[in-house]
Amino acid sequence: MEARKLLYATDLKENSLSFNLLKGILPVSELDFDEIAFLQTTPFDSWMKGLSDLNIKSKIILDDQLLPHGIIKAAENEGASLIVVNLERKEGKTSRSSIIRQLIKESSLPILFINNTNKEIKPNGKGIFACAVFATNWSHTSEKALAFLLDFKKILGELEIVNVIKGKLTIKEMRELKDRLAETRKICLDNKIDAESHIYAGKTSEEMITAAKDYKATMIVIGGDSEKKGLSKLFKKSSSWKVACEADLPVLVVP
């Protein structure tokens with residue numbers, strides 16, 4: 001597999017960033033991610049030696065604003081395959097939530113939003129990939145998110161597949177829904193991913209965060225905004241943005 005690069009964009013100061021959090025994403029090195037480009041507003045290089053010891057190359061790129069266009073442009077310039085974004089919670093025109101919204105809307109790359117730098121990482125060597133809650137409604141973006149997860153199967157621990165329904169379903173619709181969840185679970189099991197499936201009811205963003213708490217997840221995975229179609233009319237277009245902003249654990253949004 002061709003070597004891949006990760007872009008880590010952050011406006012936090014060095015003393016605000018937990019090295020445990022960086023270790024939490026390092027299992028990607030097993031997937032031939034062998035270089036991290038840090039896009040920073042404040043230069044610091046304290047992580048460089050630890051990465052070098054792990055044979056992971058790294059570099060620093062300075063950007064005094066970290067606006068969505070600049071993050072996406074830096075990822076393109078670096079040839080990154082994945083963007084990690086860890087931003088200070090601030091208000092105003094360029095608030096964290098508005099940056100997240102714009103990134104989800106414009107990025108063609110998967111983005112991992114880091115939402116709690118102090119959250120404990122499960123000590124099983126898989127970091128934030130130890131237990132993922134995956135939101136699916138079988139839309140095009142949900143299927144792309146599943147394909148992305150299958151590509152990460154080597155480092156993925158437990159996978160909780162969640163579908164959120166709105167309103168009351170007929171017996172036939174519920175049966176079809178359960179069959180579809182079973183098919184998705186089988187795909188994961190066939191790829192040697194320890195997966196279970198679940199049905200929740202309510203608002204997608206709220207239920208995904210609830211599911212993450214229920215299963216003590218270390219990450220949420222969700223497809224980006226998509227049009228609603230057929231049985232999968234279960235997501236509002238803002239669900240991925242709401243989850244990325246409101247969850248207190250990392251959220252991976254696949255466009």
Side-chain angles (χ1 to χ4, degrees), residues 1-11 25 27-29 31-41 57-63 65-87 94-115 128-129 132-156 204-205 208 219-229 232 234-247 250-255:
M1 184 183 290
E2 183 181 350
R4 295 187 281 186
K5 184 182 291 189
L6 181 151
L7 180 80
Y8 193 118
T10 182
D11 61 358
I25 66 171
V28 297
S29 62
L31 304 175
D32 295 308
F33 280 85
D34 71 343
E35 183 171 357
I36 301 177
F38 291 99
L39 184 66
Q40 302 171 187
T41 55
K57 294 180 289 186
S58 58
K59 64 185 290 188
I60 293 175
I61 307 165
L62 294 181
D63 184 332
Q65 289 186 300
L66 279 194
L67 297 178
H69 175 74
I71 294 172
I72 292 171
K73 188 67 176 175
E76 291 174 352
N77 291 342
E78 294 299 318
S81 303
L82 174 66
I83 300 173
V84 178
V85 176
N86 190 353
L87 300 176
T94 57
S95 68
R96 180 177 177 276
S97 62
S98 65
I99 292 174
I100 289 174
R101 182 192 291 272
Q102 201 67 17
L103 283 171
I104 291 174
K105 180 180 178 181
E106 296 183 4
S107 177
S108 61
L109 294 175
I111 306 177
L112 178 61
F113 295 99
I114 303 299
N115 294 321
I128 66 170
F129 305 97
V133 167
F134 166 50
T136 185
N137 62 355
W138 301 284
S139 64
H140 177 64
T141 53
S142 287
E143 294 301 279
K144 285 187 69 177
L146 177 59
F148 187 86
L149 283 170
L150 295 180
D151 191 36
F152 273 48
K153 62 185 178 182
K154 184 177 179 181
I155 62 172
L156 197 59
T204 300
S205 57
M208 288 310 304
M219 177 173 66
I220 296 174
V221 181
I222 188 169
D225 298 339
S226 62
E227 296 298 325
K228 298 180 285 184
K229 297 179 182 179
S232 57
L234 307 176
F235 280 79
K236 288 184 178 179
K237 292 187 71 176
S238 60
S239 292
S240 56
W241 170 69
K242 286 184 177 180
V243 173
C245 287
E246 296 173 8
V251 176
L252 177 65
V253 179
V254 181

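For this chain, numbers begin at 1 and follow the sequence in order.
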Discussion item. Determine whether a donor-acceptor pair (N or O, by modelled atom type, separation under 3.5 Å) exists between the side chain of Thr136 and the backbone of Ser142.
Written reply: no

Worksheet item: Please walk me through it: do Asp34 and Asp32 pass side chain to side chain contact (heavy atoms under 4.5 Å, CB included)?
Response: CA-CA 6 Å; Asp34 71 343; Asp32 295 308; over 6 Å; no

Discussion item. Any non-hydrogen side-chain atom of Thr141 less than 4.5 Å from a side-chain atom of Val254?
Written reply: no

Worksheet item: Of the non-hydrogen atoms in Gly223 and Ser240, which two are nearest, and what is the gap between them?
Response: O-CB, 3.5 Å

Worksheet item: Hey, is the main chain of Pro255 close enough, under 3.5 Å, to the side chain of Lys144 for a donor-acceptor pair?
Response: yes

Worksheet entry | Electrostatic pair Asp151:Arg4 at N-O distance under 4.0 angstrom | yes

Worksheet item: Roughly how far, to the nearest 0.5 Å, is the CD1 atom of Ile83 from the CD atom of Glu76?
Response: 8.5 Å

Discussion item. Quick one: does any side-chain atom of Asn115 pair with a main-chain N or O of Cys245 as donor and acceptor, under 3.5 Å?
Written reply: no

Discussion item. Between Ser58 and Ile36 (side chain of the first, backbone of the second, donor and acceptor by atom type, cut-off under 3.5 Å), is there such a pair?
Written reply: no

Worksheet, complete the sentence: When rounded to the nearest 0.5 Å, the distance separating CD1 of Ile72 from NE2 of His69 is 8.5 Å

Discussion item. Using side-chain heavy atoms (C-beta onward) and a distance below 4.5 Å, is Ile128 in contact with Leu112?
Written reply: yes

Discussion item. How close do Met219 and Val221 get, counting heavy atoms only, and between which atoms?
Written reply: CE-CG2, 3.8 Å

Discussion item. Minimum heavy-atom separation for Lys154 and Leu31, please, with both atom names.
Written reply: CB-CD2, 3.9 Å

Discussion item. List the residues meeting ring pair (Phe, Tyr, Trp, His ring centres under 6.0 Å) with Phe148, not counting sequence neighbours, and say none if there are none.
Written reply: Phe152

Fill in: All side-chain hydrogen bond (donor to acceptor under 3.5 Å, both in side chains) counterparts of Lys59, not counting sequence neighbours
Glu78

Discussion item. List the residues meeting side-chain hydrogen bond (donor to acceptor under 3.5 Å, both in side chains) with Glu106, not counting sequence neighbours, and say none if there are none.
Written reply: Gln102

Worksheet item: Under a 4.5 Å cut-off applied to non-hydrogen side-chain atoms, are Leu252 and Leu82 in contact?
Response: yes

Fill in: Leu103 vs Phe113 side-chain heavy atoms within contact, under 4.5 Å
yes

Worksheet item: If you take all heavy atoms of Ala244 and Ile100, which pair is closest and at what distance?
Response: CB-CG2, 3.8 Å

Worksheet item: What distance do Asn77 atom CG and Ile61 atom CD1 have between them, rounded to the nearest 0.5 Å?
Response: 8.0 Å

Item to complete: Mind checking the OG-CH2 spacing from Ser205 to Trp241? Nearest 0.5 Å is all I need.
Response: 9.5 Å

Worksheet entry | Gap separating the CD1 atom of Ile220 from the CZ atom of Phe134, nearest 0.5 angstrom | 13.0 Å

Practice prompt. Identify the two heavy atoms, one from Asp63 and one from Thr41, that lie closest to each other, and give their separation to 0.1 Å.
Written response: O-CG2, 3.0 Å

Worksheet item: Do Asn86 and Tyr8 have side-chain heavy atoms sitting under 4.5 Å apart?
Response: yes

Discussion item. For a quick test of reading the model, state the closest non-hydrogen atom pair linking Leu66 to Asp11 and the distance between them.
Written reply: CD1-N, 3.4 Å

Discussion item. Nearest 0.5 Å, please: how far is CZ in Phe129 from CG in Leu156?
Written reply: 8.5 Å

